[in-house]
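Heads up: the structure comes next, in structure tokens.
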Number of protein chains: 2
Amino acid sequence: MDNQQIKDAGLKVTRPREKILGILERSGRRHLSAEDVYKELLTNGDDIGLATVYRVLTQFEGAGLVCRRHFETGQSVFELNSGDHHDHLVCVRCNRVVEFVDPMIEERQSAIAAQHGFHIEDHSLVIYGVCTDCAANA
Amino acid sequence: MDNQQIKDAGLKVTRPREKILGILERSGRRHLSAEDVYKELLTNGDDIGLATVYRVLTQFEGAGLVCRRHFETGQSVFELNSGDHHDHLVCVRCNRVVEFVDPMIEERQSAIAAQHGFHIEDHSLVIYGVCTDCAANA
DNA sequence: TAGCAAGATGCGAAAGCTTCTCAGTTGTCT
DNA sequence: AGACAACTGAGAAGCTTTCGCATCTTGCTA
Ligand SMILES: [Mn+2]
Ligand SMILES: [Mn+2]
Ligand SMILES: [Zn+2]
Ligand SMILES: [Zn+2]
């Protein structure tokens with residue numbers, strides 16, 4: 001049950017938290033901004049403040065339930081933490097996002113960090129391009 | 001002469017543009033925020049508005065003179081466009097930046113984009129970690 | 001089950017970065 | 001030098017995100 005995840009995070013089970021987690025779970029492969037989540041709540045008739053959406057997303061991030069991404073759109077987007085790290089391919093025309101993992105790249109990154117004496121903590125790799133569909137309707 | 005670069009960009013040679021370009025040239029391997037550039041101008045006694053700094057940096061970016069980077073600090077940083085692409089290693093403690101290029105990673109990225117039918121346009125790879133100095137004074 | 005304290009919420013205000021507006025100024029070309 | 005488009009500084013405004021606080025809930029205890 002979802003509620004357990006919230007409890008495990010040391011947070012009280014409240015309606016805003018249940019609804020927001022539900023939206024993220026039902027969003028499939030999408031990457032939603034706080035505003036997206038907020039609008040979805042309004043659509044569903046849930047009267048939850050935008051500040052709460054930001055607060056909850058940040059708390060979920062702290063608890064490892066969601067990941068915050070910084071694509072170059074000016075706002076952060078969130079997705080459920082699948083547990084497995086992955087990087088992103090973003091279409092600059094339609095914003096479609098494709099996820100991928102490349103062991104070779106991961107390995108080279110570790111090597112590079114080590115080579116420069118850095119204790120690696122995280123990394124962000126985003127490839128921007130034009131997807132097949134958008135290239136077709138050029 | 002610097003002025004030629006400005007002219008080639010189709011821009012008038014003005015004091016703000018000369019000073020800003022000069023600061024970027026003299027900044028070495030640093031990556032400066034608009035605010036950094038603005039403060040440097042003030043220090044040098046140049047009375048140039050912050051809005052102008054932003055405007056000029058954006059114009060220089062459009063002209064391919066500078067590159068804008070989005071590290072996760074909440075503000076953009078700028079550096080002179082060396083002509084050669086490179087990626088970044090950023091210390092999360094002291095913000096030190098190390099630049100690198102890894103042919104293997106570049107190659108894998110192209111392959112991944114192709115594999116997903118994307119016509120690659122750009123990419124951003126930033127590795128976050130703790131540098132040697134910061135690890136020492138832990 | 002009623003009561004309580006810690007924790008959460010919604011709202012509006014405010015912060016931080018960046019862009020816009022506009023009246024006045026300056027560079028460029030003749 | 002003169003004309004005109006381009007540019008500038010200052011402040012207002014825009015956007016995303018966070019804060020402050022009075023009010024309401026949840027989870028626990030008795
Ligand atoms: Mn993802
Ligand atoms: Mn660089
Ligand atoms: Zn597309
Ligand atoms: Zn450091």
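By convention in this document, chain letters (A, B, ...) are assigned in the order of the sequence lines, proteins followed by strands, and residues within each chain are numbered from 1.
- Going from atom CG of Asp36(A) over to atom P of dT16(D) covers 11 Å, rounded to whole Å.
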Tabulate below the donor-acceptor pairs under 3.5 Å that side-chain atoms of residues 44-55 of chain A make, not counting sequence neighbours, or state none.
from     : atom 1 : to       : atom 2 : distance (Å)
Asp46(A) : OD1    : Arg15(A) : NH1    : 3.3
Thr52(A) : OG1    : Arg55(A) : NH2    : 3.0

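- Here the rule is side-chain hydrogen bond (donor to acceptor under 3.5 Å, both in side chains) with His31(A), and of Arg69(A), Arg68(A), Glu99(A) only Glu99(A) fits it.
- As a whole-Å value, the separation of Gln75(B) CD from dT17(D) C1' is 15 Å.
- The backbone N or O of Gln5(A) sits nowhere less than 3.5 Å from a side-chain atom of Asp8(A) that would complete a donor-acceptor pair.
- Heavy atoms from other residues, nucleotides or ligands lying under 6.0 Å from NE2 of His119(A) number 12 at most.
- Comparing Thr52(B) and Thr73(B) against DNA chain C, the residue whose closest nucleotide sits nearer the 5' end is Thr73(B).
- Summarising the geometry, the separation between CD on Gln59(A) and C1' on dA6(C) is reported as 14 Å, rounded to the nearest angstrom.
- Across the protein-nucleic acid pair, Phe71(B) atom CZ and dC17(C) atom P stand 16 Å apart, rounded to whole Å.
- The distance from atom CZ of Arg17(B) to atom C1' of dG9(D) is 14 Å, rounded to the nearest whole Å.
- Ser76(B) comes within 4.0 angstrom of sugar-phosphate atoms only, judged by non-hydrogen atoms across all strands, and of no base.
- Taking hydrophobic clusters as Ile, Leu, Val, Met, Phe, Trp and Tyr residues chained together by side-chain heavy-atom distances below 4.5 Å, Ile105(B) does not share a cluster with Tyr128(B).
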Heavy-atom contacts, protein to nucleotides 18-30 of chain D, under 4.0 Å, summarised as B (base), S (sugar-phosphate only) or - (none) per nt, yield BBB-----BS---
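- Distance Asn3(A) CG to dA8(C) P: 14 Å, rounded to the nearest Å.
- Across every non-hydrogen atom of Arg17(B) and Lys12(B), the tightest pair is NH1-O, 2.9 Å.
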